[in-house]
Amino acid sequence: MTLHLPGADGTLRAYEPRTEPLPTLRATSGSAFSSRTVFSAAHVVADPYADTTPDGPAAVDWDATLAFRRHLWSHGLGVAEAMDTAQRGMGLDWPTAAELIRRSAAEARATGGRIACGVGTDQLTATAATTATLADVRSAYEEQLAVVEESGAQAILMASRALAATAQGPDDYLEVYGHLLRQAAEPVILHWLGPMFDPALEGYWGSSDLDAATDTFLEVIAAHPDKVDGIKVSLLDAQREIDLRRRLPRGVRCYTGDDFNYPELIAGDEQGFSHALLGIFDPLGPLAAEAVRVLDTGDTDGFRALLDPTVELSRHLFRAPTRYYKTGVVFLAWLAGHQSHFTMVGGLQSARSLPHLARAYELADGLGLFPDPKLAEERMRNLLALYGVNR
């Protein structure tokens, strides 16, 4: 049955939903990929019945949240836990993030899934972050690193708003990260998150000049190559990522976090390639897994044929202001039947407009991403009715 979807210009357009999903949405063996290491940064499912406020403690539906991680593992994807996609610093507070890390790590052990978890400094409140000392920042990082390591997960050292506010220049980054890397029990992933994802991270690594920041970033790695498994680069600049990965010490991986250019970066070139740690692989999980399995056979063209058509959806979800991409990710999880509601911690379901969500539905449906297209259509129709459309 025809849906009438609102566009950005305020008009309605007719859309005929598809009736069958892609066959690649079936669950696979969950075996590891052979050519690339691939993580999906996973969202959290809010408890829709919790009596809370946008600035109150996060309330999580643990059963639905862990079920979604099992869904990702069933397709062979690793889970990047408690990251930006899980609304760190945008609704998910540190006590809840710590519980999420412990629960997900235990689930990973039980199911044999791969997991890496975010280590940050977000237990420092917004006020404390602006008045923190370097010692405060180190202490916050250490507390979170201990939680992740005690859970048995790999650590991802995330960019810190508090460090960005406190550091006086590159030397402070070298000191803090050097201290943490010396303490880490196992090799970690370093995360460079650009200001398009979080404006508070402008000037990270001690400079707004990205060439100078890159030199500092590489200096951190060069001083401790045995403690760095890889780097996750989220700058939405394909050429900069390529140039950076070519300068990495041997054995240090580059995990692309570029949700605009991921197919070409994962496919690589004659000088190398990127692995993946991507928020867009939350809604693309089964299709992304199928594409990487094709790449495992050496069929780069087949990989690109599967993944290239998804870029339009990803660029739509991650359009400026990019930090609100989580709303589209959770919206698609609801349409796909991974959760029973479209509610987010921090009330972030309100962060994108109805025309934006309608276009996300149209693009995802066109790709065949919904396991049950009829369910997705019904839920989209209900949302439209809530906004007064199609009455």
Side-chain angles (χ1 to χ4, degrees), residues 21-22 24-46 60-88 92 97 100-118 148 151-154 156 189 232 255-257 259 262 266 275-296 306-307 310 313-314 317 325-326 328-340 344 364 367-372:
L22 284 179
T24 53
L25 294 185
R26 67 187 184 281
T28 57
S29 65
S31 59
F33 307 120
S34 60
S35 64
R36 303 290 188 273
T37 300
V38 181
F39 291 95
S40 167
H43 74 279
V44 294
V45 182
V60 174
D61 180 336
W62 293 111
D63 289 342
T65 293
L66 295 176
F68 188 77
R69 280 125 184 87
R70 291 193 295 271
H71 154 73
L72 295 172
W73 285 319
S74 76
H75 291 277
L77 297 162
V79 168
E81 186 57 276
M83 299 289 291
D84 186 55
T85 305
Q87 297 181 239
R88 290 292 291 272
L92 189 72
L100 176 65
I101 289 166
R102 295 186 182 102
R103 286 175 179 257
S104 293
E107 197 74 17
R109 289 194 300 273
T111 61
R114 183 166 185 167
I115 189 168
C117 299
V148 171
S151 77
Q154 184 178 17
I156 303 171
I189 297 172
K232 178 186 186 295
Y255 294 92
T256 187
D259 301 278
Y262 50 94
I266 297 170
H275 300 271
L277 199 165
L278 287 160
I280 190 57
F281 280 6
D282 180 303
L284 293 184
L287 180 55
E290 179 68 14
V292 176
R293 293 191 194 285
V294 170
L295 187 60
D296 285 347
L306 283 170
L307 216 51
T310 68
L313 170 63
S314 188
L317 295 181
Y325 76 87
K326 298 96 164 171
V329 166
V330 174
F331 172 66
L332 294 181
W334 172 56
L335 294 181
H338 294 298
Q339 55 194 76
S340 62
M344 299 176 67
L367 290 168
L369 292 185
F370 301 126
D372 184 345

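Counting begins at 1 with the first residue of the sequence.
Using cut-offs of 30° and 60° for the angle between ring planes, the H71 and H75 rings count as perpendicular.
Minimum heavy-atom separation, Q87 to V44: OE1-CG2, 4.5 Å. The two residues A291 and L307 come nearest to each other via the heavy atoms CB-CD1, 4.2 Å. Across L77 and W73, no two heavy atoms sit closer than the pair O-CD1, 3.2 Å. Of all heavy-atom pairs between F281 and A276, the closest is CE2-CB, 4.1 Å. Looking at every heavy atom in both residues, R293 comes nearest to G76 through NH2-CA, 3.7 Å. Here the closest heavy-atom approach between residue L317 and residue P283 is recorded as CD1-CG, 4.5 Å.
Between the side chain of D61 and the main chain of V45, no donor-acceptor pair closer than 3.5 Å is present. The closest donor-acceptor contact from the side chain of R36 to the backbone of V292 lies at 3.5 Å or more, if one exists at all. Panel note: side chain H338, backbone A333; no donor-acceptor pair is recorded below 3.5 Å.
Looking at Y255 and L278, their side chains never come closer than 4.5 Å, going by heavy atoms from C-beta outward. The shortest distance between side-chain heavy atoms of L295 and F33 does not fall below 4.5 Å. Side-chain atoms of R69 and E107, non-hydrogen and from C-beta on, never get closer than 4.5 Å to each other. Within the 4.5 Å cutoff, the side chain of S104 has heavy atoms near those of the I115 side chain. Between R103 and T65 there is no side-chain heavy-atom pair separated by less than 4.5 Å. Looking at heavy atoms from C-beta onward, Y262 lies in side-chain contact with I280 at the 4.5 angstrom threshold.
Residues satisfying the side chain to side chain contact (heavy atoms under 4.5 Å, CB included) criterion with R88, sequence neighbours excluded, are A82, L92, W94, A97, D122, Q144, M158. Residues satisfying the side chain to side chain contact (heavy atoms under 4.5 Å, CB included) criterion with S151, sequence neighbours excluded, are I101, A105, A153. For S314, there are no side-chain hydrogen bond (donor to acceptor under 3.5 Å, both in side chains) partners, not counting sequence neighbours. By the side chain to side chain contact (heavy atoms under 4.5 Å, CB included) test, A364 is found to be paired with L313, L332, L369, F370, residues two or more places apart in sequence or in another chain being considered. Partners of D372 by side chain to side chain contact (heavy atoms under 4.5 Å, CB included), not counting sequence neighbours, listed by chain and number: K374, L375. By the side-chain hydrogen bond (donor to acceptor under 3.5 Å, both in side chains) test, H43 pairs with D282, Q339, sequence neighbours left out.
Within the model, atoms CG of L22 and CD of E290 stand 9.5 Å from one another, a figure rounded to the nearest 0.5 Å. Rounding to the nearest 0.5 Å places CG of L277 at 8.5 Å from OG1 of T85.
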If you apply the rule side-chain contact (heavy atoms from CB on, under 4.5 Å), what do you find for I156 with M83, and how did you get there? CA-CA 9 Å; I156 303 171; M83 299 289 291; 3.7 Å; yes

